[in-house]
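The block underneath contains the structure these notes are about, expressed in structure tokens.
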2 protein chains.
Amino acid sequence: MLKITRKVEYALIALRHMQLKQSEELTSTKEIATRYGVPQQLLAKTLQHMARDGIIEAVQGPAGGYRVATNLEQISMKDFFEKLEGPLGMMDCYFDSDCIQFGSCNIRVPIQRINDNMRNLFSQMSVQEVTQ
Amino acid sequence: MLKITRKVEYALIALRHMQLKQSEELTSTKEIATRYGVPQQLLAKTLQHMARDGIIEAVQGPAGGYRVATNLEQISMKDFFEKLEGPLGMMDCYFDSDCIQFGSCNIRVPIQRINDNMRNLFSQMSVQEVTQ
DNA sequence: ATTAAATACGACTAATATTATCGTATATAA
DNA sequence: TTATATACGATAATATTAGTCGTATTTAAT
């Protein structure tokens with residue numbers, strides 16, 4: 001319960017690794033995969049995902065790789081989570097209201113309050129705080 | 001990602017329902033299950049779990065049921081989550097360190113900081129705030 | 001031109017976790 | 001004695017997450 005996914009985990013590992021380098025320098029998927037013992041294919045998809053989202057920039061061809069393409073202080077963990085995993089809610093009904101019990105449910109509103117607190121927590125936390 | 005389980009959801013629904021009644025009055029599993037359209041067997045286990053933990057009190061036999069047995073202002077959502085679902089961590093390594101990468105992982109400490117924030121959030125929130 | 005090493009990406013499979021059900025035992029009021 | 005409730009371990013079904021496969025594309029180096 002309340003766990004983050006490997007995808008997010010690998011993304012953060014990769015970002016932190018890239019931030020140890022000069023900003024122009026490139027890092028390949030293989031380098032991170034072997035360095036941290038992470039499955040290369042899954043990491044590759046994660047990096048491609050981040051590249052599509054503009055968080056990192058890809059350079060193709062041999063000697064290619066990725067580099068950070070954003071100021072990570074400007075992106076919140078909430079936005080980061082949502083870019084990688086979609087809407088951030090402790091219950092699906094926070095976004096998606098096709099639950100049959102939507103009308104009779106007695107905890108929808110209170111749960112949404114908790115959810116707002118959690119979203120607020122991650123809104124106030126930048127990716128930089130985690131990867132620096 | 002970062003979802004609560006049905007077990008927790010049903011537990012909160014049940015507690016909130018019981019709090020609408022006089023404190024001595026009993027509520028059966030069936031009553032809650034039919035009222036909120038929730039699977040009765042799973043709800044039953046959840047209520048039994050809460051009874052073992054002393055959150056609610058069970059009365060057996062026909063016309064039996066459950067009633068709230070604790071001041072819900074005194075129990076935090078963090079403790080509530082951990083009673084029902086075990087240790088509350090966004091990554092397993094927060095509690096359980098048999099991860100092979102434990103030594104080389106570059107985000108363990110930062111993730112633990114996030115986790116502390118989340119645990120802190122739920123420590124400061126009482127069950128009463130959700131179920132009242 | 002050809003090769004080699006890298007990213008790109010959809011489809012598929014495997015593993016794990018969650019959710020739900022089954023069967024049986026026990027308690028107790030009527 | 002019966003009916004209705006809780007107690008609980010075992011199992012089945014489902015959903016989510018994690019990981020792999022195959023193929024295409026890009027591009028630096030030879």
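Everything numeric here is computed off the predicted structure, so don't read it as measured data. Just so it is clear, the values below take in all heavy atoms, side chains as well, and ignore hydrogens, waters and symmetry mates. Each chain gets a letter, A, B and so on, in the order its sequence line appears, and its residues count up from 1.
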Minimum-distance nucleotide (side-chain atoms of P62(B) versus dA3(D), dA18(D), dA20(C)): dA3(D)
Interatomic distance where CG belongs to L26(B) and C1' belongs to dA29(C) [whole Å]: 13 Å
Any T5(A) side-chain N or O less than 4.0 Å from OP1/OP2 of dT16(D): no
H49(A) side chain vs A44(A) backbone, donor-acceptor pair below 3.5 Å: no
Nucleotide nearest Q41(B) (side chain, heavy atoms from C-beta), chosen from dT19(C), dA5(C), dC22(C): dC22(C)
Spacing of M1(B) atom CE relative to dA17(C) atom P, expressed in whole Å: 17 Å
Main-chain N/O of L88(A) paired with E82(A) side-chain donor or acceptor, under 3.5 Å: yes
Rounded distance (Å) that lies between atom C1' of dA5(C) and atom CD of E31(A): 14 Å
Side-chain N,O (Y66(A)) to OP1/OP2 (dA8(C)) below 4.0 Å: yes
Whichever of K45(A) and K3(A) has its nearest DNA chain C nucleotide further upstream toward 5': K45(A)
4.5 Å side-chain heavy-atom contact, V59(B) and R67(B): yes
Verdict with supporting geometry, Q74(B) and S126(B), side-chain hydrogen bond (donor to acceptor under 3.5 Å, both in side chains): CA-CA 7 Å; Q74(B) 298 296 314; S126(B) 73; over 6 Å; no
Value in whole Å for how far the P atom of dA6(C) lies from CZ of R67(A): 16 Å
Under-4.0 Å side-chain N/O to phosphate OP1/OP2 contact, Y10(B) with dA20(C): yes
Distance in angstrom units between Q48(A) CD and dT7(C) P, rounded: 8 Å
Any T29(A) side-chain N or O less than 4.0 Å from OP1/OP2 of dT7(C): yes
Most 5' of R6(B) and Q40(A) on DNA chain C, judged by nearest nucleotide: Q40(A)
For atom NE2 of H49(B) and atom P of dT19(C), their distance in whole Å: 14 Å
Interatomic distance, I4(A) CD1 vs dT16(D) P [rounded to whole Å]: 19 Å
Pairwise 5' ranking along DNA chain D for P39(A) and E85(A), keeping only the more 5' one: E85(A)
Separation of atom CD in Q60(A) from atom P in dT26(D), rounded to whole Å: 7 Å
Minimum side-chain heavy-atom gap M18(B)-Y66(B) below 4.5 Å: yes
